[in-house]
*Asks:* 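A single structure is presented below for examination.
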Protein chains: 2
Amino acid sequence: MCHGRVNTRLPVLERRARLVDAALAVAEQDGIAAMTVRRVAEQAGVALGVVHYCFADKDELLDALASRIVDDLTGAGSAALDDAPDIATALAAAVDGLWAGIEQSAGTQLLTYEITTHALRTPGLRAVADRQYAASQAAAERLLTLVGSAAGASWRRPVADLAAEALAFVDGVTLRWLVDGDATAARARLASFANYLATQAKPSRRRSSRPHHRDGFRR
Amino acid sequence: MCHGRVNTRLPVLERRARLVDAALAVAEQDGIAAMTVRRVAEQAGVALGVVHYCFADKDELLDALASRIVDDLTGAGSAALDDAPDIATALAAAVDGLWAGIEQSAGTQLLTYEITTHALRTPGLRAVADRQYAASQAAAERLLTLVGSAAGASWRRPVADLAAEALAFVDGVTLRWLVDGDATAARARLASFANYLATQAKPSRRRSSRPHHRDGFRR
DNA sequence: GTCTATAGTTGGATAGAC
DNA sequence: GTCTATCCAACTATAGAC
C-alpha cells in the first residue's frame with residue numbers, strides 16, 4: 001500500500017525538511033526571535049520533542065534554516081539574461097530582475113539581516129554569516145559576468161571587486177527600503193548604481209547590431 | 001550638605017540616563033537579545049523594580065537606547081573638514097574620518113542593525129527605525145554638503161539623492177565588514193564609491209585660501 | 001519514530017514593605 | 001524613590017511511555 005500523506009513516521013531527513021519549512025514560515029512572519037522550538041513544532045504539526053529528535057539543538061535548526069534561505073535566494077536569482085545591445089540595457093534588465101525578486105520577498109530579506117546579526121552574536125553560528133556572504137558574493141559575480149556577456153562587454157576591474165560593491169549597495173538599499181517602504185526611491189538608487197557600473201565596462205566584442213565603435217581610453 | 005555620589009535617591013531623569021548607559025553597555029557587548037531588564041538593572045547596580053519604575057516597559061527603554069545611539073553616532077561624525085584642493089581630496093578625507101569612526105565602534109554598528117530589524121518586527125517600535133534613518137540621512141547630507149564646500153564644488157544631483165546612495169553603500173560595506181572583518185577591503189570599496197561621487201560634483205567657485213592659484217583646469 | 005510529561009531556566013511585570 | 005518578594009508566562013531540553 002502507498003505510504004500516504006500522513007505526518008507520522010516520516011524518515012528523518014524528510015522530517016527535517018518539513019521542520020525547516022515550518023521554521024521558515026514562522027521566522028518570515030514574526031522574526032527570528034519568534035522562531036522558538038515550540039512554535040516551529042506547532043507550525044509543523046508535530047510534538048515539541050520531535051524537533052529535538054531531528055535537531056541536536058535550536059542552533060542546528062537555525063543553521064539549517066539559514067542554508068535553506070541561501071539556497072532559495074541564490075537559486076531564484078539565476079534567470080538567464082537576453083542579449084542586449086549595450087551594457088546599460090543589460091544592467092537595467094539585471095536590476096529589474098534583481099529588484100523584482102527582492103520586492104516580493106520582503107519578509108525573507110528582513111529575515112536574512114536578522115540571521116546575519118544573530119549569527120555574529122552567537123559564537124557557534126559564525127559559519128552561518130560567512131556562508132550567507134559567500135553565496136551572495138558568488139551570485140553577484142555570476143550575475144555581473146552574465147551581464148557582461150549578454151552585452152558583449154568586459155569589466156575594467158575584477159568582477160569580484162565590482163560584485164562586492166554591488167552587493168554592498170543592494171544590501172544597503174534593501175535595508176532602507178524595508179524601513180521606509182519607498183520602492184520607487186529604491187529602484188532609482190539601483191538605477192543610479194547601474195549607471196556607475198556601466199562606466200566600469202568596455203565593449204570586448206563587436207555587437208552585430210552596433211555599426212559604430214567607440215574608442216576606449218583608460219579611466 | 002552636598003548631594004554626594006551615592007546611587008540612591010537620584011532624580012528620575014538622571015536615573016533614566018544611567019539606565020540607558022547600562023543598557024548600551026549590555027547591548028553593545030552581547031546584543032539586543034541579551035539586553036534584558038534584569039541584566040540592565042544588574043549592570044546599573046540597581047534593583048529590578050527600579051527599571052520598571054523609570055520606564056513603562058522594556059520597549060520604552062529600548063526606544064530611549066536607540067535615541068541615545070543615534071545621538072552618539074551622528075554627533076561624532078560632525079568633525080570639520082579642512083579645505084581641500086579638489087573634490088577627490090575632500091572626499092578621501094571624509095571617507096577616512098567616516099571609516100575611522102565606524103571601525104572603532106563595531107559593537108555599536110552591529111547593534112544599530114539589530115535595533116533596526118527588531119524595530120521593524122515590533123509594531124510599537126516602528127518609529128525607532130524611521131528615526132535612525134532620518135538621522136543618518138541628515139548626517140550624510142551634512143557631510144556631503146561640507147565636502148562640497150571644503151572643495152569649492154557643488155553637486156550635479158540633489159544632495160539628498162547622493163546622500164541616500166552613499167548611506168546605502170556605507171551600510172552595506174559596514175555590514176559585510178562586520179561579517180568578514182576585512183577592513184582593507186572595506187576601505188577599498190569606500191574609496192571606489194568616493195571616486196564615483198567625485199564624478200557627481202563640479203567646481204563652483206575659485207579657491208580663495210591659496211595665494212598661489214594652482215587652479216583647477218579639469219585635465 | 002513519535003508522543004506526553006516534566007524538569008529547570010529565564011524573562012517581564014507588579015505589589016507592597018521600607 | 002528604592003528594594004524585596006513573588007507571580008506568571010515562555011522557553012530549551014530531556015526522560016521515558018507508547
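Every chain is numbered from 1, with letters handed out A, B, ... down the list of sequences.
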*Asks:* Side chain of A:W155, backbone of A:L144: donor and acceptor closer than 3.5 Å?
*Replies:*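 Between the backbone of A:L144 and the side chain of A:W155 there is a qualifying donor-acceptor contact (under 3.5 Å).
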
*Asks:* Within the 3.5 Å criterion, strictly below it, is a donor on B:T112 or B:Q132 matched to an acceptor on the partner's side chain?
*Replies:*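 Looking only at side-chain atoms, B:Q132 and B:T112 do not form any donor-acceptor pair under 3.5 Å.
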
*Asks:* Could you list the donor-acceptor pairs under 3.5 angstrom formed between side-chain atoms of residues 169-178 of chain B and any protein atom two or more places apart in sequence or on another chain?
*Replies:*
residue : atom : partner : partner atom : Å
B:D171  : OD2  : B:Y133  : OH           : 2.9
B:T174  : OG1  : B:V170  : O            : 2.7
B:R176  : NH1  : A:Q137  : OE1          : 2.7
B:R176  : NH2  : A:Q137  : OE1          : 3.2

*Asks:* Could you tell me the separation between the CZ atom of A:R18 and the C1' atom of C:dG1, rounded to a whole number of Å?
*Replies:*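 After rounding, the gap between these two atoms is 14 Å.
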
*Asks:* Under 6.0 Å from the CD atom of B:E103, do we count more than 12 heavy atoms belonging to anything else shown?
*Replies:*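 More than 12 heavy atoms, drawn from other residues, nucleotides or ligands, come within 6.0 Å of this atom.
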
*Asks:* Specify the residue among B:A47 and B:V12 whose closest nucleotide of DNA chain D lies further upstream toward the 5′ end.
*Replies:*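 This one resolves to B:V12.
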
*Asks:* Atom CZ of B:R16 and atom C1' of D:dT2: how far apart are they, to the nearest Å?
*Replies:*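 My rounded result for the distance is 17 Å.
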
*Asks:* Could you tell me the separation between the CZ atom of B:F55 and the C1' atom of D:dT2, rounded to a whole number of Å?
*Replies:* 16 Å

*Asks:* Measure the distance from CD1 on A:I32 to C1' on D:dC11 and round it to the nearest whole Å.
*Replies:*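 It works out to 15 Å between those atoms.
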
*Asks:* Please report the distance, rounded to the nearest Å, between CD in A:E14 and C1' in C:dG1.
*Replies:*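 For the pair A:E14 CD and C:dG1 C1', the rounded distance is 14 Å.
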
*Asks:* Taking the side chain from B:R156 and the backbone from B:A201, do they hold a donor-acceptor pair closer than 3.5 Å?
*Replies:*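 Flag set: sc B:R156 to bb B:A201 pair under 3.5 Å.
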
*Asks:* I'd like to know if the side chain of A:T36 reaches the main chain of A:R39, judged simply by a donor and an acceptor atom lying under 3.5 Å from each other, with no hydrogens or angles considered.
*Replies:* yes

*Asks:* Base, backbone or nothing for each nucleotide of nucleotides 12-18 of chain C, written B, S, -, heavy atoms under 4.0 angstrom, 5' to 3'?
*Replies:* BBB----

